[in-house]
Amino acid sequence: MSRSPDASSWFGPLEPERPARSVHRAQAVGRLWRGFMTARVMIGLLLLLLQASMYGLGQPVNKWLVALCGGYLAVTLAVRIFARPQWPGHNFDTQWVFTIGVDVVVFSVLQYLQVSPINYTPLFALPVLLASVLGSALLALGTAAGVSLIMLADAWRISLQSPGDITSHFLQAALAGIGLFIVAFLTHQLATRLVREELRARRSSLAVRIQTLVNELVIESLTDGVLVVDGRGVVRAANPAARQLLGAHAPAPVAPFLLGGQRPWRALAELARLTYRQHGDQIADVAIDHAGRSLCRVRARTRLTATHDDEVESLCVMFLQDLREMEARLRTEKLAAMGRMSAAVAHEIRNPLAAITQANALLTEDLSEPAHQRLTLMVQQNAQRLARIVEDVLDVSRAQQKSELSAPASLDLDTTVRDICTDWARQASGGRSVGLALDAGNALIAFDPDHLRRVLVNLLDNALRYASHAPDSLQVATHASATGQAMLHVWSDGVPLEPTVQRHLFEPFFSSESRSSGLGLYICRELCERHGATIGYDRASRRVSDGARDGNDFFVVFRSTTAQFDTMRA
């Protein structure tokens, strides 16, 4: 659907503010005003030259007329240089005294005091035009009326001097006055319409510029590629996402460029030609295969721009979606749905599992044969394993809740870590000692105590699983940076992690062991992000009793208390 020139933009009515509108109108009036003032200067100069030429030809010249022409030229120059245009439409103000008033008086005096047969009546058209273009309708008609009265008075003066045929003089003055009235009315109407159309054109131009800027910003920010292709297969515009998809090791060149110029793009060029040939939208999955680069599969959708003007070329707009990102989003949605289902199933399993554990414990009390006790022990161990998996799944569900949180208590990092490590070493370490190097000073962190215990216990369990039995194989350290940022490190001397394992360490349901749920590190990441902290992994060296030893270091970087609370509420 086409828009009228003064239509509102799509993001709301685009009515210029009053100051901007005043500026635009002042610019339009200023150009007209300067044109009229320049014309007055030229007329004053010509009048003075006319008097000089008459004197040079030996004709009688009135000295008062020469002085009048010189004064008129000086006044018009002063007004042109020093005066500023006034707002159009005023009936009368002081500036009109130095423009319209001066013109009428000077031209009237020239007409009355002339000693030569020169007729100065046509000069009265200038003040009438000036009043019509830059003044109101009342001022324009009033000026025309005043000039008409002056011409009638001049005709009466002539009739007194030569009592011959006076009818022609009055008839000529009357016809000239009528013509001035018509000129004043039509000129004022045309000038008003031109000013209105110029303001409307400026509003339309402003709307086009704003929409262009907004469109460019939106298109540049899109994650999907956008190509604009003409009928010759030349790309007129391409946003960064499209250039990235088309390029191999670097983005494609900046438009314009030929879409069929490279072999990997020819499928897209053919799709654009098909769109023009069938005059309809197209959709297809296209492979962009650059040598030495993995295959990039995109879903391309084309649309033709609608045009109501035969002189405007219809363009093909092509939208490119990376199928890898689409599949990744689909996997994320499936994973989220599976997580919700897993939480529901885990909640239903927990009660029957508790009953099985209790029944097995009662059964153990009545069995005395070693074979039967081994069987009940197997039941107990597997029930405990299932219980841990259920708790992991439920912990994921709890960590993903987005309910409003109150400000967590400020914890002393060193004291809290020491207490958690002491409890863990007493209950779950199997007699293994933990080396503590707590050097965070009095650093306070905004972290829920239960959540911090969950994170640290998960990291300790994970470190214990892969640590050797050498002394100092498991270490926990804290420290604070120069800016006061506190950090927690859990280090073990395990073997290096493979690169493929490192990339997926904190993803849910990923584990390098078949008997693990793969949720421990994922829960740690969720809890850390919930409190504005960052968790990561690095291969680092630590000083131990027998020298230095490489190991796996999981670290948590805490943020300031205020920043953490603001992040959680957001």
Side-chain angles (χ1 to χ4, degrees), residues 408 410-426 428-430 432-499 501-506 512 520-561 563-564:
S410 295
L411 303 178
D412 185 283
L413 181 59
D414 287 352
T415 303
T416 306
V417 170
R418 182 183 291 107
D419 293 341
I420 295 174
C421 290
T422 301
D423 294 341
W424 179 84
R426 186 171 53 249
S429 67
R432 300 283 293 279
S433 62
V434 180
L436 295 179
L438 306 180
D439 192 24
N442 297 322
L444 298 178
I445 60 171
F447 216 98
D448 184 82
D450 293 335
H451 290 171
L452 182 58
R453 178 178 294 274
R454 181 64 172 165
V455 170
L456 185 51
V457 168
N458 270 338
L459 294 179
L460 288 170
D461 289 341
N462 188 67
L464 178 63
R465 187 178 302 117
Y466 298 102
S468 68
H469 293 278
D472 301 327
S473 61
L474 186 60
Q475 297 184 16
V476 175
T478 61
H479 68 88
S481 64
T483 59
Q485 193 174 43
M487 294 186 65
L488 168 66
H489 295 266
V490 178
W491 178 89
S492 65
D493 61 351
V495 297
L497 300 181
E498 297 180 0
V501 175
Q502 294 183 30
R503 285 196 298 267
H504 304 283
L505 265 179
F506 300 97
S512 58
L521 292 178
Y522 173 70
I523 294 172
C524 292
R525 189 193 70 179
E526 291 292 319
L527 292 176
C528 288
E529 290 180 353
R530 199 173 177 190
H531 293 84
T534 304
I535 187 171
Y537 163 81
D538 193 12
R539 184 71 178 172
S541 177
R542 286 288 185 273
R543 184 172 299 279
V544 293
S545 58
D546 57 351
R549 194 183 306 165
D550 291 335
N552 299 316
D553 181 28
F554 286 86
F555 58 88
V556 178
V557 181
F558 301 97
R559 295 182 184 175
S560 63
T561 304
Q564 290 171 349

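If you're wondering where the values come from, they're calculated on a predicted model, not measured in any experiment. Just so it is clear, the values below take in all heavy atoms, side chains as well, and ignore hydrogens, waters and symmetry mates.
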Once you round to the nearest 0.5 Å, how far does [atom1] of [X] lie from [atom2] of [Y]?
X    : Y    : atom1 : atom2 : answer
I420 : R454 : CD1   : CZ    : 12.5 Å
S433 : Q475 : OG    : CD    : 9.5 Å
T534 : Q485 : OG1   : CD    : 8.0 Å
R525 : R530 : CZ    : CZ    : 14.0 Å
W491 : S541 : CH2   : OG    : 7.5 Å
L413 : R418 : CG    : CZ    : 10.5 Å

Non-hydrogen atoms of N552 and P496 that approach each other most closely =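 Heavy-atom minimum between the residues: OD1-CA, 4.0 Å.
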Could you tell me which non-hydrogen atom of F555 sits nearest to which non-hydrogen atom of H489, and how far apart they are?
->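 Minimum heavy-atom contact is CB-ND1, 3.6 Å.
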Test side-chain contact (heavy atoms from CB on, under 4.5 Å) on N442 and D414 and set out the steps.
-> CA-CA 8 Å; N442 297 322; D414 287 352; over 6 Å; no
Within-4.5 Å side-chain heavy-atom neighbours: T415 and D419 =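 A side-chain contact exists here, since the closest heavy-atom pair is under 4.5 Å.
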Taking the side chain as every heavy atom from C-beta outward, state whether T478 and L436 have any pair of such atoms under 4.5 Å apart.
->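 No, their side chains stay 4.5 Å or more apart.
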Taking only residues two or more places apart in sequence, or in another chain, which ones meet D493 in a side chain to side chain donor-acceptor pair (under 3.5 Å)?
->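 D493: side chain to side chain donor-acceptor pair (under 3.5 Å) contacts with S468, R549.
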Taking it one step at a time, do V476 and W424 satisfy side-chain contact (heavy atoms from CB on, under 4.5 Å)?
-> CA-CA 12 Å; V476 175; W424 179 84; over 6 Å; no
Does D448 use its side chain to pair, donor to acceptor, with the backbone of D450 at less than 3.5 Å?
->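 Side chain of D448 to backbone of D450, a donor-acceptor pair under 3.5 Å: yes, one is there.
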Given side-chain contact (heavy atoms from CB on, under 4.5 Å), test N458 with N462 step by step and report yes or no.
-> CA-CA 6 Å; N458 270 338; N462 188 67; over 6 Å; no
My understanding is that only one of [options] makes a side chain to side chain contact (heavy atoms under 4.5 Å, CB included) with [X]; could you say which?
X    : options                : answer
V417 : D412, L456, L411       : L456
R542 : D553, D550, D472       : D553
I535 : V557, L527, L488, V556 : V556

Could you check whether the rings of H531 and H451 sit parallel, tilted or perpendicular, using 30° and 60° as the cut-offs?
->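 Because their plane-to-plane angle is over 60°, the rings of H531 and H451 count as perpendicular.
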Indicate the ring-plane relationship of Y537 and F554, choosing parallel, tilted or perpendicular according to the 30° and 60° boundaries.
->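 Answer is tilted, since the angle falls between 30° and 60°.
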Using a cut-off of 6.0 Å, state whether more than 12 heavy atoms not belonging to R539 lie near its atom CZ.
->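 Atom CZ in R539 is packed in, count exceeds 12.
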Step-by-step salt bridge (Lys or Arg N to Asp or Glu O under 4.0 Å) determination, R426 to D423 | CA-CA 5 Å; R426 186 171 53 249; D423 294 341; 2.7 Å; yes
